[in-house]
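Notes follow once the structure below has been shown.
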There are 2 protein chains.
Amino acid sequence: MMQVLRGELRERELPFTHQREAIAQVMFESTRHLSADDVAAALRQRGEHAGKATVYRTLALLVELGLATEHDFDEGFKRYETKVGAAQHDHLICTACGRVSTFQHPELDRIFAELASEHGFEAITRQVKVFGTCSETAACRELQRAYREAGRTS
Amino acid sequence: MMQVLRGELRERELPFTHQREAIAQVMFESTRHLSADDVAAALRQRGEHAGKATVYRTLALLVELGLATEHDFDEGFKRYETKVGAAQHDHLICTACGRVSTFQHPELDRIFAELASEHGFEAITRQVKVFGTCSETAACRELQRAYREAGRTS
DNA sequence: AACGCCGTTGAGAACCAGTCCCGATCAGGA
DNA sequence: TCCTGATCGGGACTGGTTCTCAACGGCGTT
């Protein structure tokens, strides 16, 4: 896993530094969506440390290398997710509790490929996000009901 | 058109102010995706003026009332688009020239409805964005070619 | 093992979209 | 016209992210 990073860096003649290793380790070991702060906290927890500029630069680098993806769930900051060993997937974001769940739909790839070629567009990445309320907690289910009723009457 | 706004405001017992009218006018007369700054500039151009706090508040209000939608095209700021008289649509964003084009796909609504019910999720809004390169300018087409070749070899 | 080049690091300053504060102003019902 | 409560606006503030630049550290070379 770390070898992949090492290889990508060598290929571009970029140094494999201690900080890059530590940050990548944090990313690779988590399947969650981490903010820059989460990464810094995880580093502290294992006795490591990296300046915030380095954390941001390294996360951007991982995205550039294709080893991570960047997400914006409308929280006012970005989150990052390891891409290694995970299939392309999209997200459902609960606006009540903040939980993010993932899904894969077999038709989406085809649809976007069709769209791109129809528009003379070369698609590089896509972002598909569905915002709404989940049914994990009682509070979320309550909001679901409220929303459904409001939708019916307006 | 302005009557719609007036009605929505009355329904919620909110005052129909001169600033709200002017900002809504700017939005309703444009089919483009305007940033808060664009709106302020458009106001200036027609001899109006509104503090930026008011611009932001009013745009948020229009979104709340269902008369506008908010977009984030990864430029570091939000853009707003009037929703009046426009069908649900999604966006292709060219990362080379910044052009945004729209598309509608007949299957997407069905797919997201299915997904939501499968996950016990009540979908409120969705954001579907495809980032890539368009074929509008020579520079964009050049990047398209470069990207296709890079994709082939890696 | 020591050298040197050059990209990286980090602490803090800077940046900037967006929000908050609060006294002045205004919409609109009585 | 008067009154009341919401809005407005200029400027201060917030907080995520980027920039600055001197010190440092990979890593290929000698």
Side-chain angles (χ1 to χ4, degrees), chain A residues 2-3 5-26 33-44 47-65 68-80 98, chain B residues 2-3 5-27 33-44 47-65 68-81 98:
Chain A
M2 200 50 71
Q3 295 316 313
L5 172 61
R6 205 184 275 267
E8 289 288 339
L9 289 174
R10 170 153 300 154
E11 198 166 316
R12 286 154 217 246
E13 300 185 335
L14 297 174
F16 179 78
T17 65
H18 182 65
Q19 289 87 340
R20 283 174 178 170
E21 177 174 15
I23 293 168
Q25 197 80 49
V26 166
H33 303 89
L34 303 177
S35 66
D37 260 9
D38 291 338
V39 172
L43 287 174
R44 245 174 279 121
E48 307 272 0
H49 173 265
K52 63 180 168 174
T54 300
V55 171
Y56 280 107
R57 281 187 295 232
T58 304
L59 289 172
L61 178 67
L62 291 176
V63 170
E64 180 98 18
L65 298 180
T69 51
E70 187 184 79
H71 297 294
D72 184 346
F73 296 138
D74 265 14
E75 299 168 294
F77 53 85
K78 303 279 179 62
R79 289 184 177 276
Y80 298 84
Chain B
M2 200 52 71
Q3 295 316 312
L5 173 61
R6 206 184 274 267
E8 290 287 339
L9 289 173
R10 172 153 297 154
E11 197 165 318
R12 287 154 216 246
E13 299 184 334
L14 297 175
F16 179 78
T17 66
H18 181 65
Q19 289 87 342
R20 282 173 179 169
E21 177 174 16
I23 292 168
Q25 197 79 48
V26 167
M27 289 301 295
H33 303 89
L34 303 177
S35 65
D37 261 8
D38 292 338
V39 172
L43 287 175
R44 245 174 280 122
E48 306 273 0
H49 172 264
K52 65 176 171 173
T54 300
V55 172
Y56 280 109
R57 280 186 294 232
T58 304
L59 289 172
L61 178 67
L62 291 176
V63 171
E64 180 98 18
L65 298 180
T69 52
E70 186 185 81
H71 297 293
D72 183 347
F73 296 138
D74 266 16
E75 300 169 292
F77 53 86
K78 302 279 179 62
R79 289 186 176 276
Y80 298 83
E81 178 184 21

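To find a chain, count down the sequence lines: A is the first, B the second, and so on, and within it residues start at 1. Just so you know, these numbers use all the heavy atoms, side chains as well, and skip hydrogens, waters and symmetry mates.
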State, with a plain yes or no, whether a side-chain heavy atom of B:Thr69 is found less than 4.5 Å away from one of B:Val63.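 Side-chain contact under 4.5 Å: no.
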
d([atom1], [X]; [atom2], [N]) in whole Å:
X: B:His49; N: C:dT25; atom1: NE2; atom2: C1'; result: 15 Å
X: B:Glu21; N: C:dG28; atom1: CD; atom2: P; result: 10 Å
X: B:Leu62; N: D:dT7; atom1: CG; atom2: P; result: 13 Å
X: A:Glu64; N: C:dT8; atom1: CD; atom2: P; result: 12 Å
X: A:Arg12; N: C:dT8; atom1: CZ; atom2: P; result: 13 Å
X: A:Arg20; N: D:dC24; atom1: CZ; atom2: C1'; result: 14 Å
X: B:Leu59; N: D:dC8; atom1: CG; atom2: P; result: 12 Å
X: A:Arg44; N: C:dG10; atom1: CZ; atom2: P; result: 13 Å

Residue pairs fulfilling salt bridge (Lys or Arg N to Asp or Glu O under 4.0 Å) with at least one residue in residues 71-80 of chain A, sequence neighbours excluded: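 Found A:Asp38-A:Arg79, A:Glu70-A:Lys78, A:Glu75-A:Arg79.
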
Going by salt bridge (Lys or Arg N to Asp or Glu O under 4.0 Å), name the pairs with one or both residues in residues 7-18 of chain B, residues two or more places apart or in two chains.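 Residue pairs passing salt bridge (Lys or Arg N to Asp or Glu O under 4.0 Å), neighbours aside: B:Glu8-B:Arg12.
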
What residues form a side-chain contact (heavy atoms from CB on, under 4.5 Å) with B:Arg20, not counting sequence neighbours?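 For B:Arg20 the side-chain contact (heavy atoms from CB on, under 4.5 Å) partners, ignoring immediate neighbours, are B:Leu9, B:Leu14, B:Pro15, B:Thr17, B:Thr58, B:Leu61.
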
With A:Arg6, which residues qualify under side-chain contact (heavy atoms from CB on, under 4.5 Å), at least two apart?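 Once residues adjacent in sequence are excluded, the partners of A:Arg6 under the side-chain contact (heavy atoms from CB on, under 4.5 Å) criterion are A:Gln3, A:Phe16.
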
Let me check the geometry of the helix from C:dA1-D:dT30 to C:dA30-D:dT1. What is the bend angle between the axes at its two ends, five pairs each, to 10°?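 The end axes of the helix from C:dA1-D:dT30 to C:dA30-D:dT1 are about 30° apart, to the nearest 10°.
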
Distances for protein N/O vs nucleotides 25-30 of chain D N/O pairs under 3.5 angstrom?
residue, atom, partner, partner atom, Å
D:dC27, OP1, A:Phe16, N, 2.7

Tell me whether the side-chain N/O atoms of B:Gln19 come closer than 4.0 Å to OP1 or OP2 in D:dG9.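 Result: yes.
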
So that I know where these two stand, are B:Tyr80 and B:His33 an aromatic pair - ring centroids less than 6.0 Å apart?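 Distance test on ring centres: not under 6.0 Å, no.
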
If every non-hydrogen atom of A:Ala24 is compared with every non-hydrogen atom of A:Leu5, which pair is closest and at what distance?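 That would be CB-CD2, 3.4 Å.
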
Give the minimum heavy-atom separation between A:Ala36 and A:Leu59, together with the two atoms involved.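 Heavy atoms of A:Ala36 and A:Leu59 come nearest at CA-CD1, 4.1 Å.
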
Which comes earlier along DNA chain D counting from the 5' end, the contact point of B:Glu13 or that of B:Val55, where each point is its nearest nucleotide?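 Nearest nucleotide further toward 5': that of B:Glu13.
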
Could you tell me which residues satisfy side-chain hydrogen bond (donor to acceptor under 3.5 Å, both in side chains) with B:Gln25, sequence neighbours excluded, listed by chain and number?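 Checked B:Gln25 against side-chain hydrogen bond (donor to acceptor under 3.5 Å, both in side chains); matches are B:Glu29.
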
Below 3.5 Å is the cut-off: list the nitrogen or oxygen pairs between protein and nucleotides 18-21 of chain C, distance only.
residue, atom, partner, partner atom, Å
C:dG18, OP1, B:Lys78, N, 2.8
C:dG18, OP2, B:Tyr56, OH, 2.8
C:dG18, O6, B:Lys52, NZ, 3.1

Please set out all donor-acceptor pairs under 3.5 angstrom arising from side-chain atoms of residues 48-56 of chain A, sequence neighbours excluded.
residue, atom, partner, partner atom, Å
A:Glu48, OE1, A:His18, NE2, 2.8
A:Thr54, OG1, A:Arg57, NH2, 3.3

Just do the side chain to side chain contact (heavy atoms under 4.5 Å, CB included) check on B:Val39 and B:Met27 with the steps written out, would you? CA-CA 8 Å; B:Val39 172; B:Met27 289 301 295; 4.1 Å; yes

